[in-house]
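In what follows, a single structure is set out as structure tokens and then discussed.
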Amino acid sequence: MSRPTVAITMGDACGIGPEIIMKALARPDIAALCRPVVIGDAERLREAGRIVGKDLTVQAVASPREATDAPGTVACVDLGLIPKDHPFGRVSPVSGEAAFRYIERAVRVVQAGEAAAICTAPLSKEALHAAGHKYPGHTELLAALTGTPEVSMMLVSPKLRVIHVTTHIGLIDAIARIEPGLVERVIARGHDTLVKAGLANPRIGVCAINPHAGENGLFGRGEEAEKITPAVQACRAKGWRVEGPLPADTLFFLAGRGDYDLVVAMYHDQGHGPIKVLGLEAGVNITVGLPVIRTSVDHGTAFDIAGKGIADEGSLVEALRQAVDLAPRQAV
């Protein structure tokens with residue numbers, strides 16, 4: 001079986017993205033797994049390589065098809081957007097603009113058949129906005145660039161998978177946005193993703209919004225019965241193993257011990273909290289519903305440690321593994 005080409009976006013150049021990329025691509029197991037090509041800035045990668053002490057040659061190319069795939073070499077589609085001596089650890093509109101351009105190019109690369117998947121290093125939402133790109137994050141940006149009306153965020157760790165009904169909006173706004181059609185579509189995207197990954201009939205647990213799933217109307221204003229139960233019933237009518245709405249605290253415990261293959265979280269922190277307790281180094285972010293495969297680290301730019309050579313590449317390694325698992329199985 002051929003190794004798929006994975007386009008790795010460099011993320012925010014002021015953050016830890018360049019460092020964790022160089023650390024990850026120095027690993028023999030990653031070289032054996034895929035053909036990685038970085039979409040970013042070659043000179044910034046060289047600087048990061050020096051910082052982390054990895055003796056890798058960075059090869060600047062115009063497209064992934066030019067990459068030599070030689071041992072000890074990192075191929076980089078070099079956009080040349082980061083000035084020399086650009087600082088680490090700061091919010092910069094220059095880095096925000098560059099991060100946007102890396103994603104833009106990566107989408108074109110995959111759409112042209114030059115790579116099978118995208119794996120993203122972290123960007124800064126503040127820097128992205130400072131550059132004039134008013135997206136809440138990678139998920140929404142990728143949806144816009146691919147013309148996809150609706151996508152979902154799935155977080156994956158060794159013990160837990162979580163898909164979100166809402167993400168980067170305030171809690172009051174999230175509750176207002178949740179409605180049966182949206183919940184049903186999110187469940188369906190999660191179900192289809194797991195089936196494609198080899199789980200023939202995944203067991204899915206759906207979180208409630210209120211404590212104790214509303215306790216039969218004692219807590220909340222009937223949101224479970226109005227917004228979630230109809231979606232669960234519709235999915236069960238298709239023959240899917242879907243249960244809920246269930247109290248979130250209980251559901252995450254049960255899923256963590258293996259009773260469920262996927263948890264459907266209603267809002268950002270409901271799903272992110274349990275994943276991050278299990279360890280950022282093992283978490284992977286997957287955008288579900290795009291016409292391209294996209295995985296990502298489940299952590300931010302870590303400006304406080306950027307440029308120091310101490311960032312852990314574990315989440316990026318796991319994101320690359322997930323990208324390979326989901327990628328189409330043909331040579332690119």
statement: Tightest non-hydrogen contact, residues Gly239 and Asn201, listed as O-OD1, 4.3 Å

query: Is any side-chain heavy atom of Asp298 closer than 4.5 Å to a side-chain heavy atom of Glu318?
result: no

- prompt: Should Glu97 and Arg101 count as an ion pair when the cut-off is N to O under 4.0 Å?
  reply: yes

field: Exam field: side chain Thr229 to backbone Glu224, donor-acceptor pair closer than 3.5 Å
entry: yes

Any Ile82 side-chain heavy atom under 4.5 Å of Glu43 side chain: no

- request: Look at the side chain of Lys227 and the backbone N and O of Pro180, then say whether any donor-acceptor pair between them is shorter than 3.5 Å.
  value: no

task: Determine yes or no for a side-chain-to-main-chain donor-acceptor pair under 3.5 angstrom, with Glu66 supplying the side chain and Val77 the backbone.
output: no

query: Step by step, would you call Lys308 with Glu19 a salt bridge (Lys or Arg N to Asp or Glu O under 4.0 Å)?
result: CA-CA 9 Å; Lys308 298 179 180 178; Glu19 295 168 75; over 6 Å; no

Lys54 side chain to Met22 backbone, donor-acceptor under 3.5 Å: no

query: Would Val38 and Ile16 show up in the same hydrophobic cluster when neighbours are defined by side-chain heavy atoms closer than 4.5 Å?
result: yes

query: What pairs of residues pass the side chain to side chain donor-acceptor pair (under 3.5 Å) test when at least one of them lies in residues 166-181, not counting sequence neighbours?
result: Glu140-His168

query: Step by step, would you call Glu223 with Ile228 a side chain to side chain contact (heavy atoms under 4.5 Å, CB included)?
result: CA-CA 7 Å; Glu223 289 88 353; Ile228 302 174; over 6 Å; no

query: Got a salt bridge between Arg35 and Glu114, using NZ or NE/NH1/NH2 to carboxylate O under 4.0 Å?
result: no

- prompt: Taking His272 for the side chain and His268 for the main chain, is one N or O donor matched with an acceptor at less than 3.5 Å?
  reply: yes

message: Is there a continuous path of hydrophobic side-chain contacts, each under 4.5 Å between heavy atoms, that joins Ile118 to Val74?
response: no

- request: Determine whether Leu81 and Val58 fall in the same hydrophobic cluster, where Ile, Leu, Val, Met, Phe, Trp and Tyr are linked whenever their side-chain heavy atoms lie under 4.5 Å apart.
  value: yes

- request: For the pair Arg50 and Glu47, find out whether any cationic side-chain nitrogen is under 4.0 Å from an anionic carboxylate oxygen.
  value: no

query: Side chains of Val264 and Met266: does their closest heavy-atom pair fall under 4.5 Å?
result: yes

query: Taking all non-hydrogen atoms of both residues, which atom of Ser95 and which atom of Asp12 are closest, and how far apart?
result: CB-OD1, 3.3 Å

field: Heavy-atom pair of closest approach, residues Asp41 and Tyr102
entry: OD1-OH, 2.6 Å

field: Donor-acceptor contact below 3.5 Å, side chain Asn285 vs main chain Ser296
entry: no

message: Determine whether a donor-acceptor pair (N or O, by modelled atom type, separation under 3.5 Å) exists between the side chain of Arg44 and the backbone of His86.
response: yes

